[in-house]
Amino acid sequence: MSTATTTNVAEPITAETILRLFPDIDTRSDALEGHDEEQIRLMDEVCIVTDENDLPIGTASKKLCHLMTNIDKGLLHRAFSVFLFNDKNELLLQQRATEKITFPDMWTNTCCSHPLNLANETGSTLPDAIAGVKNAARRKLDHELGIKQEQVPFEDFRFLTRIHYKAPSDGKWGEHEIDYILFIKANPEVNANLNEVQATQWVSAEKLKEMFKDPSLKFTPWFKLICESMLFEWWASLDNGLEKYTDEQDIRRMLH
C-alpha cells in the first residue's frame, strides 16, 4: 500500500498577496500627503522584492518598498546606480529635485532607480537580472535626464557588482536595496526633467573629492558608500584594467 505525501507550497509574495500575507505592512497614504503629484504617482510603480541573496520573491509598490516601517520589517528590493563618464573621464552627477519624496536636494551619481515588474526588467538569474537593470537604466536615463536610448547602447553598459545597503531618508522614508552598479562611457545630450533633477554637473575625481569637503553639499547615502569603498579605484581603471572589477558574483554587504 503506497502512501501519498502532501507538500505545502508557500504562497508566493506578489503585489496582490503581500498585504494578506503580511497584514502588518504599512499601507497608509498619509505619508504621501503634501508631496508633489507626479512623485506620488511614481510611488505606484511596482518594484521587484528580493530575498537577501537577490532572488526575486514577489513585487510591491515603490511606496511600500520605501516606507521605513516596512524596511524595518525586512522588505528588500532591487535597484541600480548608473555612473556615466564622458570622453574626459568626467562623471555626470545629478542633484535630486526638491520634489523628490526620498533624499530630496541631494547630490548623487548619474541615475539611481529601480527595475520594475516589466518583462524586460526582471530576472532570477544574475545574467538575466543584469540585462534587466541595463534596460531599466536606459529607460530612467531618458526619464530623468532626457538622455535618449540610442546615446547609451545596451551593450556599452558594464556591470561591476551588487551592493546591499539600508539607509533612512527621514522618519517616514528610506532605502533597503540590492543595488546593481553600472558604468558606461558616453557623451550624451542632457535635458534634465526638472521634476526629477534640479541640476547636473560633470566632475573629475579630484573635483568630486573637493565637493565632499564642502559642508553645504549633501550626498545620497548609497553614493557616499560607493565613493568611500571602491569608486575612485574603479574610476582610475576606467580605460585600463576595469575588467578585473566587472561581473562580480558576490553581493557586497554594506549594512551598519
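Along the sequence shown, the residues carry numbers beginning at 1. The structure displayed is predicted, hence computed values, not measured ones.
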hydrophobic_cluster_shared for [Y] and [X], side chain cutoff 4.5 Å:
{"X": "L84", "Y": "I181", "answer": "no"}
{"X": "V133", "Y": "I251", "answer": "yes"}
{"X": "F80", "Y": "L126", "answer": "yes"}
{"X": "L91", "Y": "W222", "answer": "yes"}
{"X": "V197", "Y": "L92", "answer": "yes"}

More than 12 heavy atoms of other groups within 6.0 Å of [X] [atom1]:
{"X": "E52", "atom1": "CD", "value": "no"}
{"X": "N240", "atom1": "CG", "value": "no"}
{"X": "K244", "atom1": "NZ", "value": "yes"}
{"X": "E189", "atom1": "CD", "value": "no"}

[atom1]-[atom2] distance between [X] and [Y], expressed to the nearest 0.5 angstrom:
{"X": "L76", "Y": "E175", "atom1": "CG", "atom2": "CD", "result": "11.0 Å"}
{"X": "Y165", "Y": "I178", "atom1": "OH", "atom2": "CD1", "result": "10.5 Å"}
{"X": "M254", "Y": "I163", "atom1": "CE", "atom2": "CD1", "result": "4.5 Å"}
{"X": "W235", "Y": "F183", "atom1": "CH2", "atom2": "CZ", "result": "8.5 Å"}
{"X": "L225", "Y": "D179", "atom1": "CG", "atom2": "CG", "result": "9.5 Å"}
{"X": "I226", "Y": "K224", "atom1": "CD1", "atom2": "NZ", "result": "12.5 Å"}

Minimum heavy-atom separation for [X] to [Y], with atom names?
{"X": "P168", "Y": "F103", "answer": "O-CE2, 3.5 Å"}
{"X": "T110", "Y": "L145", "answer": "O-CD1, 3.3 Å"}
{"X": "E144", "Y": "C112", "answer": "OE2-O, 3.8 Å"}
{"X": "D54", "Y": "T50", "answer": "OD1-CG2, 3.7 Å"}
{"X": "W202", "Y": "A186", "answer": "CH2-O, 4.4 Å"}
{"X": "A136", "Y": "P115", "answer": "CB-CA, 3.6 Å"}

Donor-acceptor under 3.5 Å ([X] side chain, [Y] main chain):
{"X": "N191", "Y": "G146", "value": "no"}
{"X": "Q94", "Y": "T200", "value": "no"}
{"X": "E121", "Y": "G132", "value": "no"}
{"X": "N187", "Y": "D87", "value": "yes"}
{"X": "K209", "Y": "A205", "value": "no"}
{"X": "Q198", "Y": "R96", "value": "yes"}
{"X": "R252", "Y": "T161", "value": "no"}
{"X": "N135", "Y": "N120", "value": "yes"}

Begin with the C-alpha distance, continue with both residues' side-chain angles, and end with the deciding distance and a verdict on side-chain contact (heavy atoms from CB on, under 4.5 Å) for F223 and F83.
CA-CA 10 Å; F223 185 47; F83 292 75; 3.7 Å; yes
Check whether any side-chain heavy atom of [X] lies under 4.5 Å from a side-chain heavy atom of [Y], and answer yes or no.
{"X": "M68", "Y": "I71", "answer": "yes"}
{"X": "N109", "Y": "L231", "answer": "no"}
{"X": "L67", "Y": "K63", "answer": "yes"}
{"X": "C227", "Y": "L208", "answer": "yes"}
{"X": "N86", "Y": "K88", "answer": "yes"}
{"X": "C47", "Y": "K62", "answer": "yes"}
{"X": "R78", "Y": "H114", "answer": "no"}
{"X": "E243", "Y": "R158", "answer": "yes"}

Sorted by chain and residue number, the salt bridge (charged side-chain N to carboxylate O under 4.0 Å, His left out) partners of K185 (sequence neighbours excluded) come out as D239
Residues forming a salt bridge (charged side-chain N to carboxylate O under 4.0 Å, His left out) with E210, sequence neighbours excluded
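Scan of E210 (salt bridge (charged side-chain N to carboxylate O under 4.0 Å, His left out), adjacent residues dropped) gives K213.
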Taking 4.0 angstrom as the limit, do K148 and D142 come out as a salt bridge?
yes
Is E248 salt-bridged to R162, cutoff N-O under 4.0 Å?
no
Would K134 count as a cation-pi partner of F154, with NZ or CZ less than 6.0 Å from the six-membered ring centre and within 45° of the ring normal?
yes
Given side-chain contact (heavy atoms from CB on, under 4.5 Å), test D214 with W107 step by step and report yes or no.
CA-CA 12 Å; D214 185 343; W107 284 93; over 6 Å; no
Please check if any side-chain donor atom of H164 sits under 3.5 Å from a side-chain acceptor atom of H176, or the reverse.
yes
Yes or no on side-chain contact (heavy atoms from CB on, under 4.5 Å) for L116 and R139, after CA distance, side-chain angles and deciding distance?
CA-CA 11 Å; L116 301 179; R139 172 178 57 80; 3.4 Å; yes
Would F85 and I184 count as a side-chain contact (heavy atoms from CB on, under 4.5 Å) here? Give the steps.
CA-CA 6 Å; F85 302 88; I184 186 170; over 6 Å; no
T246 meets the side-chain hydrogen bond (donor to acceptor under 3.5 Å, both in side chains) criterion, sequence neighbours left out, with none
